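Each remark here refers to the structure printed beneath this line.
This one's a predicted model, so the numbers in the text were calculated from it and none came from an experiment. Protein chains get the first letters and strands the later ones, always in sequence-line order, with residue 1 at the start of each.
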Amino acid sequence: MPSYYPKNVEPKWQKFWLEHKTFRCPDGDHSKPKYYILDMFPYPSGQGLHVGHPEGYTATDILARYKRMRGFNVLHPMGWDAFGLPAEQYAVQTNTHPRITTAQNVANFRRQIQMLGFSYDWDREIDTTDPKYYRWTQWIFVQLYNTWFDADSKRGRPISELPIPADIAAKGEAAVAEYRNEHRLAYVAEIPVNWCEALGTVLANEEVINGRSERGNHPVIRIPLRQWMLRITSYAERLLDDLNTVDWPEPIKEMQRNWIGRSEGAEVDFRIADPNETVEEIREWLEERKTHGFPRRPEEKIIRVFTTRPDTLYGATYMVLSPEHPLVDSITTADQFVEVEAYRRQASAKSDMDRTELAKEKTGVFTGAFAINPANGESIPIWIADYVLMSYGTGAIMAVPAHDERDYEFAEKYDLDIVEVVADPTDTPALLLQAYRWLGEWERRREKGEVEGYIKVALILNAAVDVESFLEDREEHEGDNLWAEVDLFEDKDGPDMGVAVSFIEEDFSDVLPIYFEQDPDTEVLILSFEPDEHDHDHDDEEFEDSGYQELMEENETAGLDDDDDIPSAPYTSEGIAIDSGPISGLPTRDAKRIMISWLDAKGLARKTVNYKLRDWLFSRQRYWGEPFPILFDESGLHQAVPESELPITLPDVEDFKPTGRPEPLLAKATDWGVIERGGKKYRRELNTMPQWAGSCWYYLRYIDPLNESAPWDPAKENYWMPVDLYVGGAEHAVLHLLYSRFWHKVLFDLGRVHSAEPFQKLVNQGMILGEIEYTGFKVNGEWVDAAKIDISEFDGERVKLTESQITKTGDRFTLIDNPSIGIDARAAKMSKSYGNVINPDVVVDEYGADSLRMYEMFMGPLEATKPWSMKGVEGVWRFLNRVWRAIINSDAEEQSLVPEITSASAPTRDQLRMLHLTIRGVTEDVEGLRFNTAISKMMEYVNFLSRESSRPKEVVEPLVLLLSPFAPHMAEELWQVLGHQTTLAYEPWPTFDPALCEADEIEVALQINNKVRSKIVLPANVTDEAILDAAHKDEKILAATAGKQIVKSFVVSSRNGKLVNFVVKG
RNA sequence: GCCGAAGUGGCGGAAUGGCAGACGCGCCGGAUUCAAAAUCCGGUUGAGGUAAUACUCAGUGUGGGUUCAAGUCCCACCUUCGGCACCA
């Protein structure tokens, strides 16, 4: 076989590798450095491999092969994430056991993957549906079940170490068990699920579209069901913090951070106003709070809210409770009862989807009750609305319509008060803000008793400040007590304008310097100060001394809502607090802090951290998943089955049709579901685990896949972990990666693994799109310009066009014979329905696995999204042919080398230089995962070699080694023909000599004002002075600079060469 | 709406702040061939210019800025793609 024919070469080597176990990963030998390189294992679907799979697999395979040649022990395994919905849906339709479908699909995937020549250690293949595997998935669940999170040490600890409070212990066994259950990382809760009556089954979120089932379009409602939950929220902080310790793409980290959604803020308690309460009672409560501080759980009649903007508390003009909030019942007044109940019913009937759909218009109902704003003592109405979610924060908010989009919208609709308490610093002249800061600071100092009295200050307006707008602002604040004492004056000697503000003061000397650091446009002058008995109406002492009712009355007259200036849109950014008592004048950041400590001192608020992350709903009402190793006794109390009984294997059932009731499919296995032990009856947990379970820890099982006595051997874990490189699609950026990190951390706390993070480096491969398609649009047989229609809505005729029918006109594509008709050019996601899916089998059949591998790497950067091109595959196929022909004699009958390859003649200096440049380039690119440029460097080298009439083995064999990770079949074949008896998989990777990379002469570009005007060739070792000297003498430079002045000159050395730039004037 | 990524020839894409367009595809021309495929050689950003070589100017989504020098750094904006969904 003289010419390159992959079908002869590839199966031969695949068989060789399998038979010789070439890639078996050494287990006992821990003397060499290790490299654990992991692919996200696939779900073996019925469709078989997609060209997206081999992209990541090829990348990791190249690196695995490269690392082996660099002397590493490489762990590079593959397995199957084989539990899941599609196999079960197929079972429902055909009554084929998912085990059978799964086995078929796995066999097909394995065949396809092996046909691509990946160097996996097939002795480590795992399958999440294998009881020998899921035995340990169940085992890990038991570990989670038997662990509680100790908030003090911030780590998981055995449940046996959970301290039991005396009052619980006193209540007896059952109470203690319940207390423990409340603290386990795996716990039971009632959680709403998507129940579809018509299909008789519970649906996953992705099976529900617009509140109806994906299949059949039946209505779906939310009903509560008993579910297993995992307490991932306890680990939120560590999951967030430890992102800083791993080498992952920043966008992925960012997505995880957003998902965890840490927000700092405060919990603030609002007291529900009760007209029957006396001032004395309220005083007592305030006193109580002041002494004992903010309680862990609020008392009755207290609404606790979470806010990220405690600085806007003065602007909280109403409250909103989630419709599910437990306090709604008790606070709703008789005349609002009917309306509130109706709203709650309506809200609960809606699925999340529906809520979101209808969310365009905010709705809500007044409860009839009022609460007291703890900052200003104002009485504000309490509403319920479904835009407030019970699952986030405390299920209640203080609404600040002036500074929150949703609150604003709601307030507008229901005509609630809007009070501005944050000023936009870009809208207000700097000077005004300056004054506010002054006032705020002064207030605080005065409050602390550090200063007394009033001061009068002057703020000098620089001429650059817009005086007009400043005056306007001043006008607006005329009624504001802070500005009551402002006087304007003009500086006699200049254009400066001044403002005088009266303040309270006694000794200002220690305050002053702070402010000189500020905006250079403004200056602060002290004009005078006068101890004064000014009637200042900012007195929060008054708030504490009076009861709420008194305050309420006061506010009716002196209230804050006398400001009719309602903004047209909420200002949601940070700014400067205004009209906010002790925090007035402070920038948001400080305002938050001061507000919290102010209220904290009164026991009315506390700084808290909230996470968007919710506990992980861990049970499914499906068949094809891991059974829970849990038993319920007759009283309904749960316990884990003993480790010795694992695995709890999946029972066979008669059929896979839904139960018709919202209960798990395993209820059909009636014999299996009930067991007897010691004369007592137990029920098994009938839910199964979600697909995430098996994939949460598979990387650990690869380390020791056959171990029957433990999930893995600690010594092996210690050697191999963590994973050095993990490659997979970005679709797993959040969930899979977050869930495995969570499990890993629990295992870490329990001392089962030694690293806090499982995946040291993560790389996301990009998506591969279908071929680019050009589409023209016709209405009634007439072409229409693509720019004039909405392509996604277009329902006329779509015409697929070939490249010969189109041209580029300006910056868009048009018909070649009518440039006014724009057409659409895009690459679409591969999808079966769109019919643009590329099947790897077909590509391998036509071009071979090496070409497929090479093309996928040559397409572009690994992380990028890029369109497929069959022509591109052909391009790399032609390259492989060139390599072949450069080495193997295509004219000969027998396989033999081309006559150009000799061991007789020595390589030329030029050949060596090209070789070493190539080795350097390819090595660096492989290390940096830049496979596309690595390939182009090999192409350049092959183009060079092909032209050489003599090709000494010394410059050919390294090429074969460089190529081998990319096109391993061909490389092995060439290696053999070159006279080697063994596989090249463990040959040392070629090294380069930097000295040989250097050329004797270099070309120096000569620039004048950054334009290349000439080029000169100089010896490689030339000095900068000599270069400059030669440049000055260059004819073209002399001509171009004649009569002009060279102002400056630069000599630059870069990796690409050297250049000179003359800056010339005149 | 929010978050993230990306905009460079006809296409995929290269370019530690230093000669934009490497490498590949496509196209054009040539060689080889009875012919075709394959292969090999040359050309291929645009505009001007020349018999031709030369040469000149413009050019990395748009507008500003920093710098001797910007595809690359900074600011604002536009477009496309991906993800999220009332998160207080």
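- Classification of the A:W877-A:Y847 ring pair by plane angle, with boundaries at 30° and 60°, yields perpendicular.
- A centroid separation of less than 6.0 Å is found between the aromatic rings of A:Y855 and A:W868.
- Nearer the 5' end of RNA chain B, as judged by each residue's closest nucleotide, is the contact made by A:K866, out of A:M939 and A:K866.
- Within the structure, a side-chain polar atom (N or O) of A:K871 is placed less than 4.0 Å from OP1 or OP2 of B:G26.
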Between protein and nucleotides 54-61 of chain B, map the contacts as a letter string: B base, S sugar-phosphate only, - none, heavy atoms under 4.0 Å, written 5' to 3'.
-> --SSS---
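- Between A:Y318 and A:Y414, the gap from one ring centroid to the other reaches at least 6.0 Å.
- Checking B:C86, B:A14, B:C11 against the side-chain heavy atoms of A:K362 singles out B:C86 as nearest.
- A glycosidic torsion no more than 90° from 0 defines the syn conformation; B:G83 lies beyond that range and is anti.
- Atom C1' of nucleotide B:G12 and atom CZ of A:F879 are separated by 17 Å, given to the nearest angstrom.
- Across B:C77 and B:G7, the matching C1' atoms stand 14 Å from one another, rounded to whole Å.
- In this structure, the nucleotide among B:A88, B:A14, B:G10 sitting nearest to the side chain of A:F306 is B:A88.
- Picking from B:G4, B:G24, B:C86 the nucleotide with the shortest atom distance to the side chain of A:P251 gives B:G4.
- Across B:C11 and B:A47, the matching P atoms stand 15 Å from one another, rounded to whole Å.
- The phosphate of B:A14 has neither OP1 nor OP2 within less than 4.0 Å of any side-chain N or O from A:K937.
- Remark: the A:Y392 side chain and the A:S263 side chain contain an N/O donor-acceptor pair separated by less than 3.5 Å.
- When the P atom is compared between B:G17 and B:A31, the two are found 47 Å apart, to the nearest whole Å.
- Using a 4.0 Å cut-off, some side-chain N or O of A:N943 falls inside it from OP1 or OP2 of B:G24.
- Heavy atoms of A:N932 sit under 4.0 angstrom from primed sugar atoms or phosphate atoms, though from no base atom.
- A donor-acceptor pair under 3.5 Å is absent between the side-chain atoms of A:N373 and the main chain of A:T317, judged by distance alone.
- Counting only heavy atoms from C-beta on, A:V388 has its side chain closest to B:A88 among B:A88, B:G10, B:A14.
- Rounded to whole Å, the separation between the P atoms of B:A22 and B:U16 comes to 15 Å.
- Across all strands shown, A:V1052 has heavy atoms under 4.0 Å from base atoms, whether or not it also approaches the sugar-phosphate.
- Nearest-nucleotide assignment on RNA chain B puts the 5′-proximal partner with A:A864, out of A:G393 and A:A864.
- Look at CG on A:L769: it is 12 Å from C1' on B:U80, rounded to the nearest Å.
- Between the C1' atom of B:C68 and the CG atom of A:L1059 lies a distance of 11 Å, rounded to the nearest Å.
- Of the possible donor and acceptor atoms, none in the side chain of A:R406 sits under 3.5 Å from a partner among the backbone N and O of A:A399.
- A:R947 has a side-chain polar atom (N or O) that falls below the 4.0 Å cut-off from OP1 or OP2 of B:C41.
- A salt bridge links A:E55 and A:K866; the closest N-O separation between the charged side-chain nitrogens and carboxylate oxygens is under 4.0 Å.
- Computed from coordinates, the A:F931 CZ to B:A22 C1' distance equals 19 Å when rounded to whole Å.
- The nucleotide whose nearest atom lies closest to any side-chain atom of A:R826 is, among B:U80, B:A88, B:C84, B:U80.
- The same atom, C1', is picked in B:G59 and in B:A20; the two are 9 Å apart, to the nearest Å.
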Considering only distance and modelled atom types, tabulate donor-acceptor pairs under 3.5 Å from the side chains of residues 766-776 of chain A, sequence neighbours left out.
residue: A:E771; atom: OE2; partner: A:M870; partner atom: N; Å: 2.7
residue: A:E773; atom: OE1; partner: A:Y834; partner atom: OH; Å: 3.1

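- The separation of B:G21 from B:G43, taken at their P atoms, amounts to 14 Å, rounded to a whole angstrom.
- Among the nucleotides B:A15, B:A88, B:G10, the one closest to the side chain of A:T933 is B:A15.
- One finds no side-chain N or O of A:N1010 lying less than 4.0 angstrom from the OP1 or OP2 phosphate oxygen of B:G18.
- With contacts defined as side-chain heavy-atom distances shorter than 4.5 Å, the pair A:I816/A:I806 does not qualify.
- One finds no side-chain N or O of A:R406 lying less than 4.0 angstrom from the OP1 or OP2 phosphate oxygen of B:G1.
- A salt bridge does not link A:K413 to A:E409: none of the charged side-chain nitrogens sits closer than 4.0 Å to a carboxylate oxygen.
- For the residue pair A:L815 and A:T807, the shortest heavy atom distance occurs at O-CG2, 4.0 Å.
- Residue A:S263 places at least one side-chain N or O under 4.0 Å from the OP1 or OP2 atom of B:A88.
- Side-chain atoms of A:F858 lie closest to B:G12 of the nucleotides B:C11, B:A5, B:G12.
- Considering only the side chain of A:M255, B:G83 comes nearest among B:G83, B:C23, B:G18.
- Nucleotide B:A14 holds its P atom 12 Å from the CD1 atom of A:I935, rounded to whole Å.
- Listed by first residue number, the stems of RNA chain B with at least three Watson-Crick or G-U pairs below 3.5 Å are B:1-7 with B:78-84, B:10-12 with B:23-25, B:26-31 with B:39-44, B:45-48 with B:55-58, B:61-65 with B:73-77.
- Around the CD atom of A:E250, the shell of radius 6.0 Å holds more than 12 heavy atoms that belong to other residues, nucleotides or ligands.
- For the pair A:I260 CD1 and B:G83 P, the computed distance is 20 Å after rounding to whole Å.
- In this structure, A:M40 and A:G729 approach most closely via the heavy-atom pair SD-N, 3.9 Å.
- Backbone-only engagement by A:F813 is indicated by non-hydrogen atom pairs under 4.0 Å involving sugar-phosphate atoms exclusively.
- Of the N and O atoms on the side chains of A:Y343 and A:T363, at least one donor lies less than 3.5 Å from an acceptor on the other residue.
- If you take CG of A:D824 and P of B:U80, they are 11 Å apart, rounded to a whole angstrom.
- Nucleotide B:C23 holds its C1' atom 15 Å from the CG atom of A:L917, rounded to whole Å.
- In this structure, the nucleotide among B:G13, B:C3, B:C87 sitting nearest to the side chain of A:K612 is B:C87.
- Residue A:R878 has a polar side-chain atom (N or O) positioned under 4.0 Å from OP1 or OP2 of B:C25.
- Listed nucleotides: B:C11, B:C19, B:G24. Nearest to the side chain of A:I772: B:C11.
- Here, B:A51 and B:U60 have their C1' atoms 35 Å apart, quoted to the whole Å.
- Using P as the reference atom, B:C73 and B:G18 are 11 Å apart when rounded to the nearest Å.
- For a distance-only test at 3.5 Å, the side chain of A:N258 fails to qualify as a donor-acceptor partner of the base of B:C3.
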